[in-house]
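Chain letters run A, B, ... following the sequence lines, proteins first, then strands; residues in each count from 1. Remember, predicted model here, so these are calculated numbers, not experimental data.
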Number of protein chains: 2
Amino acid sequence: MENTSELLRQHDIKPSFTRVMIFDYLKENLNHPTVDEIFQALQTSLPTLSKTTVYNTLDLFIDKHLVQPLLMNQQKHYDLITDPHAHFKCERCDTIFDLDVKPPKLDKSTAANYHVYGTQLIYRGVCEKCQKHG
Amino acid sequence: MENTSELLRQHDIKPSFTRVMIFDYLKENLNHPTVDEIFQALQTSLPTLSKTTVYNTLDLFIDKHLVQPLLMNQQKHYDLITDPHAHFKCERCDTIFDLDVKPPKLDKSTAANYHVYGTQLIYRGVCEKCQKHG
DNA sequence: TATAAAACTGTAATCATTACAATTTTATAA
DNA sequence: TTATAAAATTGTAATGATTACAGTTTTATA
Ligand SMILES: [Mn+2]
Ligand SMILES: [Mn+2]
Ligand SMILES: [Zn+2]
Ligand SMILES: [Zn+2]
């Protein structure tokens with residue numbers, strides 16, 4: 001168990017109470033929550049929380065490369081950047097599953113002209129449950 | 001040079017004039033255009049074209065696995081499915097560059113529970129031009 | 001030629017995200 | 001401590017890409 005405040009400071013983020021709460025929520029919920037899910041989950045412990053703050057905080061985390069946004073059709077999902085892994089997006093139920101597959105690193109010659117922050121490997125299709133149901 | 005009408009028919013799409021035009025535009029413009037770009041480009045040759053038709057047609061192409069949507073923050077970009085390749089998204093100028101890298105295929109055991117339509121490998125970062133500019 | 005189905009159009013509604021001004025909290029210095 | 005400035009947070013309004021939908025045109029079929 002790591003210290004969130006220290007980790008945020010290491011990434012040039014002042015660890016306000018709200019920011020720590022949002023970060024810890026992401027750490028304990030690696031199932032790619034949306035802004036609404038994060039907002040609703042934290043409302044009881046942070047009654048004055050504003051949805052704008054959730055947006056701002058997540059954008060800050062993304063800027064500092066602590067969080068990766070997963071763009072879905074309807075709304076963004078957020079994933080703490082931990083071990084490199086791939087995702088499977090079900091196009092029926094819009095669930096994002098983790099896959100234990102590492103995205104390939106760009107070789108030097110291909111990456112020569114780019115400054116690469118992060119990598120996403122996404123498989124699109126239909127999950128088992130949705131295949132059965134129809 | 002392939003015959004578009006025939007190709008569409010092979011994918012259960014009735015090759016209307018509008019659909020062929022939109023498909024051919026995508027074939028000749030592999031730079032990941034948006035709906036607005038497609039719409040504006042085709043307006044001169046199809047003066048009565050509606051933006052809704054562009055949306056509907058692209059959704060149809062996606063359903064039939066002819067086109068892959070690339071989700072950006074602001075709006076969707078569309079890429080004809082041809083040779084497997086990766087993308088680099090510049091987070092400053094929102095350009096999507098093609099990379100000559102093949103996304104890895106899921107091995108049988110990992111893909112056991114999923115029906116995989118397509119794969120996306122996306123590198124996020126800053127392109128050369130944006131690095132220089134600031 | 002009549003009828004039905006499919007394709008297309010135009011406008012209105014949706015809704016996640018952003019902009020922005022006001023307020024509260026936190027840091028800094030007299 | 002107290003005053004002042006900076007940063008963080010809030011709440012509401014605006015934005016804008018996408019979708020819904022009803023009406024119209026085109027195409028297929030009998
Ligand atoms: Mn994940
Ligand atoms: Mn491409
Ligand atoms: Zn599913
Ligand atoms: Zn750029």
Atom pairs and distances, side-chain donor-acceptor, residues 16-23 of chain B, under 3.5 Å, sequence neighbours left out:
unit_1 : atom_1 : unit_2 : atom_2 : d
B:S16  : OG     : B:R19  : N      : 3.2
B:R19  : NH1    : B:K14  : O      : 3.0

Show which side-chain atoms of residues 52-59 of chain B pair as donor or acceptor with protein atoms under 3.5 Å away, not counting sequence neighbours.
unit_1 : atom_1 : unit_2 : atom_2 : d
B:N56  : ND2    : B:T52  : O      : 3.3
B:T57  : OG1    : B:T53  : O      : 2.7

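Applying the 6.0 Å contact sphere to NZ of B:K102 captures more than 12 heavy atoms from other residues, nucleotides or ligands.
Under the rule for a side chain to side chain contact (heavy atoms under 4.5 Å, CB included), the partners of B:D107 that lie at least two apart in sequence or sit in another chain are B:S109, B:T110. The ring-ring contact (aromatic ring centres under 6.0 Å, His included) check on A:Y123 picks up nothing, with sequence neighbours excluded. Take B:E91 and apply the salt bridge (charged side-chain N to carboxylate O under 4.0 Å, His left out) test, not counting sequence neighbours, and it matches B:R124. The ring-ring contact (aromatic ring centres under 6.0 Å, His included) search around B:H115 returns B:Y117, not counting sequence neighbours. Residues passing the ring-ring contact (aromatic ring centres under 6.0 Å, His included) test with B:H32 are B:H87, sequence neighbours excluded.
Clustering of Ile, Leu, Val, Met, Phe, Trp and Tyr by side-chain heavy atoms under 4.5 Å joins A:M72 with A:L70, A:I96. In the hydrophobic clustering (ILVMFWY side chains linked at under 4.5 Å, chained through shared members), A:L71 is joined by B:L71.
Protein chain A contacts DNA chain D from D:dA7 to D:dT12, reading 5' to 3' and using non-hydrogen atoms of the protein with a distance under 4.0 Å.
If you check residues 32-42 of chain B against DNA chain D, you find no residue with a heavy atom closer than 4.0 Å. Of the residues in residues 43-57 of chain B, those with a non-hydrogen atom less than 4.0 angstrom from any atom of DNA chain D are B:T52, B:Y55.
Between the CG atom of A:L58 and the P atom of C:dA16 there is a distance of 15 Å, given to the nearest Å. Spacing between atom CZ of A:R9 and atom P of C:dA27 amounts to 10 Å, rounded to whole angstrom units.
D:dT26 is paired with C:dA5 under the Watson-Crick or G-U wobble criterion, all donor-acceptor distances under 3.5 Å.
Using a 4.0 Å cut-off between charged side-chain N and carboxylate O, A:D36 and A:K51 make a salt bridge.
Mapping B:K76 and B:K14 onto DNA chain D via the closest heavy atom, the residue that lands nearer the 5' end is B:K76. When the nearest nucleotides of DNA chain C are assigned to B:F17 and A:D59 by heavy-atom distance, the more 5′-ward of the two goes with B:F17.
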